[in-house]
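To start, the structure itself, in structure tokens.
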Amino acid sequence: MSSQDTSTDVQRGVLVLGADGKQQTASGIATQRELATSIINGWQEARRRSKRLFAVDGPNESAVVVVALPTPDETVLVAVQRESRDALFEFVGSVDFAGDILAHFLTNPFEALSVVDRDSNVRYMSPVHEKFFGLRPGGGVGRHVTEVIENSRLHHVVESGKSEVGLLHQMRGVTRVVMRHPIRSMQGEVVGAIGQIMFKGPEQLQALSSELTKLKSEVAYYRRELNDLRNRSYGLDQIIGESAAMQRLKQQIIKVAPLDIPVLLTGESGTGKELAAHAIHKLSPRRDGTMVMVNAAALPSTLVESELFGYEAGSFTGAERKGRKGKIEQAHGGTLFFDEAGDMPSDVQVKLLRVLQDGSFQRVGSNDVRTSNFRLISASNRNFEAMIAEGTFRLDLFYRMGAVTIRLPSLRERLDDIPMLAELALNQFAERHGHRPKRLSVEALEFLKSQRWPGNVRQLMHAVERSAIFCESEVIGPADFGMVDSEPGMFEESPVVAPADGAVAAPAEVRMIEPMRVSNAVEQVEEQLIRQAMTKYHGNKKRVAVELGISRSYLYKRLAQMLVVPGSDT
Ligand SMILES: Nc1ncnc2c1ncn2[C@@H]1O[C@H](COP(=O)(O)OP(=O)(O)OP(=O)(O)O)[C@@H](O)[C@H]1O
């Protein structure tokens, strides 16, 4: 054995003691007197505790691990010193029963292993493995693993350097689940491999797997429950506002939600009709079903029927081969939210009426009558009375849709909610962009309360969000809203409420714009904004409407106007 390993920082030495415990010979690092004394003292302590593996401190804070090989006449102490402490040295040096732990891994039937070297020759087999293969102790050592272990793949692991975990291994007529790992030197080269049994048989694995599946389904169940609990409060918690008008609205929702009757939500654009529909669904017994959304204004007339009622296989060009369920069928067991219901074409009104009367409908291209059990929640900002009077909306359908009608209050009717809503907008904006939320000055809040808000909450949220973008400081003042005067409907009228002490007037930019120029400018800027947003969102009208803070029906109206070519008669 060389006392100096040139490739690593490992040094070795041997110390031989006589039967009287005195040093007879020494080589390598054991010739250093101080270290030899430490090794002899360490051995006396280890022998007293029946240990054969122990560690002592070496020079320069190194660790020296010593293996003792005692015979009746003499004791050979093999010392290995490493300059930089590695995990094994740390382990042996700091755990005085390290040898017992290593012995446990080598002999315990549940941890037992087989070890091969870089030539795939067996170097060690735990007694339980030897017994299993009918070998005498050490009987497999020195032989190629394929001669000793039936169907072994340890030699492949040595070659590939890749672990194999959880594979089945057939040996002597039984199947075991095993793992095989390559073992690497400090320099990273594969110096051998070890094989261990993970489970006695696939049955054990199957039992674990079914336990896991059971636990997974329990977790899924509790997740659903949690979601449900969250959603139950989430429904109303999403609707911000504590004004008397909002408290009334929340009471109406709580009352109506559990009753399985159609609800019609009316109110100006941006008042929160969709939020109210979600809350009703979440608070209803159908909350575990889905809420399917349909926007009557967004449906091209050619597709209304197939979208709502579905179609049979091959019923028209471009249809999916297998046919498709319509929204009404998808909503079975849940809720159908019919947004912009006032924009429904009259032929669809007739068909929807039939569904609402007896739950039956037919897919496009089929005579089979199908049924769907859904709850209808409709929403519209249209004036149904006027539409019924002029014959564009069926009275009988109106009654069917609106067993209960809930009107969402406009923002003008609940100015006291503006601070809460503005704070929500600032918090949401800050969260999205990862900043600290900005604040609104008292004057800014007064200013917001003095506006008419034809676009209601949606418009308020957008105005506040934009002020946060343009405002340079942490506190938003009234002047920061002057930069967004292109927003449709915003600042087109003088403030409804003037600040009591007259100290805060509307921002200069707003007052400077003359009424005559505003309408033209607003229209032009609006068209430009719509065009830009349509390009940005690739024609996705819902996102465009949200981005611009206008309702989808208003967007459709404006798009239709923008498409009219002057002079054309079509
Ligand atoms: N009370 C409220 N609390 C919090 N956010 C609200 C409230 N009302 C409306 N909003 C927000 O304003 C925006 C518009 O709301 P929603 O889409 O529900 O209005 P709507 O009445 O259905 O509008 P439209 O008729 O134009 O479709 C949404 O971003 C919504 O989250």
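One is the number of the first residue; the rest follow in order along the sequence. When a ligand or atom number is given, it counts from 1 through the structure's own listing order. All figures in this text were calculated on a predicted structure; none of them were measured in a lab.
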Exercise. Taking atom types as modelled and ignoring hydrogens, do the side chains of Asp417 and Ser243 form a donor-acceptor contact shorter than 3.5 angstrom?
Worked result: yes
Exercise. Does any non-hydrogen side-chain atom of Thr266 lie less than 4.5 Å from one of Lys273?
Worked result: no
Exercise. Can you find a pair of side-chain heavy atoms, one from Lys327 and one from Gln330, that are under 4.5 Å apart?
Worked result: yes
For this session: Might you check, step by step, whether the distance between atom 29 (O) of ligand 1 and some protein heavy atom is under 4.0 Å?
Result: no
Exercise. Can you find a non-hydrogen atom of Arg414 under 4.0 Å from ligand 1?
Worked result: yes
For this session: Find all atoms of ligand 1 within a distance of less than 4.0 Å from any non-hydrogen atom belonging to Ser551, and give their numbers and elements.
Result: 26 (O)
Problem set entry | Whether His433 and Phe429 hold their rings parallel, tilted or perpendicular, with breakpoints at 30° and 60° | tilted
For this session: Answer yes or no: is there a side-chain heavy-atom contact under 4.5 Å between Met246 and Met420?
Result: no
Exercise. Hey, is Gly270 one of the residues with a heavy atom under 4.0 angstrom from ligand 1?
Worked result: yes
Problem set entry | Close-contact set for ligand 1 against Ser269 heavy atoms, below 4.0 Å | 24 (P), 25 (O), 26 (O)
Problem set entry | N/O separation below 3.5 Å, Leu275 to ligand 1 | yes
Exercise. With a 4.0 Å cut-off on heavy atoms, does Leu421 reach ligand 1?
Worked result: yes
Exercise. Would a 4.5 Å heavy-atom cut-off, applied to side chains only, mark Asp339 and Arg552 as touching?
Worked result: yes
Problem set entry | Within 6.0 angstrom of Glu242 CD, more than 12 heavy atoms from elsewhere | no
Exercise. Hey, are Asp368 and Arg363 close enough for a salt bridge, meaning a charged N less than 4.0 Å from a carboxylate O?
Worked result: no
Exercise. Hey, does Gly272 come in under 3.5 Å of ligand 1, counting only N/O atoms on both sides?
Worked result: yes
For this session: For ligand 1, note which part of Leu424 has a heavy atom under 4.0 Å away: side chain, backbone, both or neither.
Result: side chain
For this session: Heavy-atom contacts with Met246 under 4.0 Å: which atoms of ligand 1 show up? List them by number with element.
Result: 1 (N)
Problem set entry | Candidate list Glu413, Glu268, Gln252, test side chain to side chain donor-acceptor pair (under 3.5 Å), partner Arg407, passing option | Glu413
For this session: Go through ligand 1 atom by atom and flag the ones less than 4.0 Å from a non-hydrogen atom of Glu340.
Result: 27 (O)
Seminar exercise, completed: Min over Arg552, Gln238, Arg458 of heavy-atom distance to atom 24 (P) of ligand 1 lands on Arg458
Problem set entry | 4.5 Å side-chain heavy-atom contact, Ile253 and Val263 | no
Problem set entry | Heavy-atom nearest neighbour of atom 18 (O) of ligand 1 within options Lys250, His462, Glu274 | Glu274
For this session: Would you mind checking which non-hydrogen protein atom is closest to atom 3 (N) of ligand 1, with the distance to 0.1 Å?
Result: Ile240 N, 2.8 Å
For this session: Could you find the nearest protein heavy atom to atom 20 (P) of ligand 1 and give me its residue, atom name and distance?
Result: Lys273 N, 3.5 Å
Exercise. How far is atom 11 (C) of ligand 1 from its nearest protein heavy atom, and which residue and atom is that?
Worked result: Val457 CG1, 3.9 Å
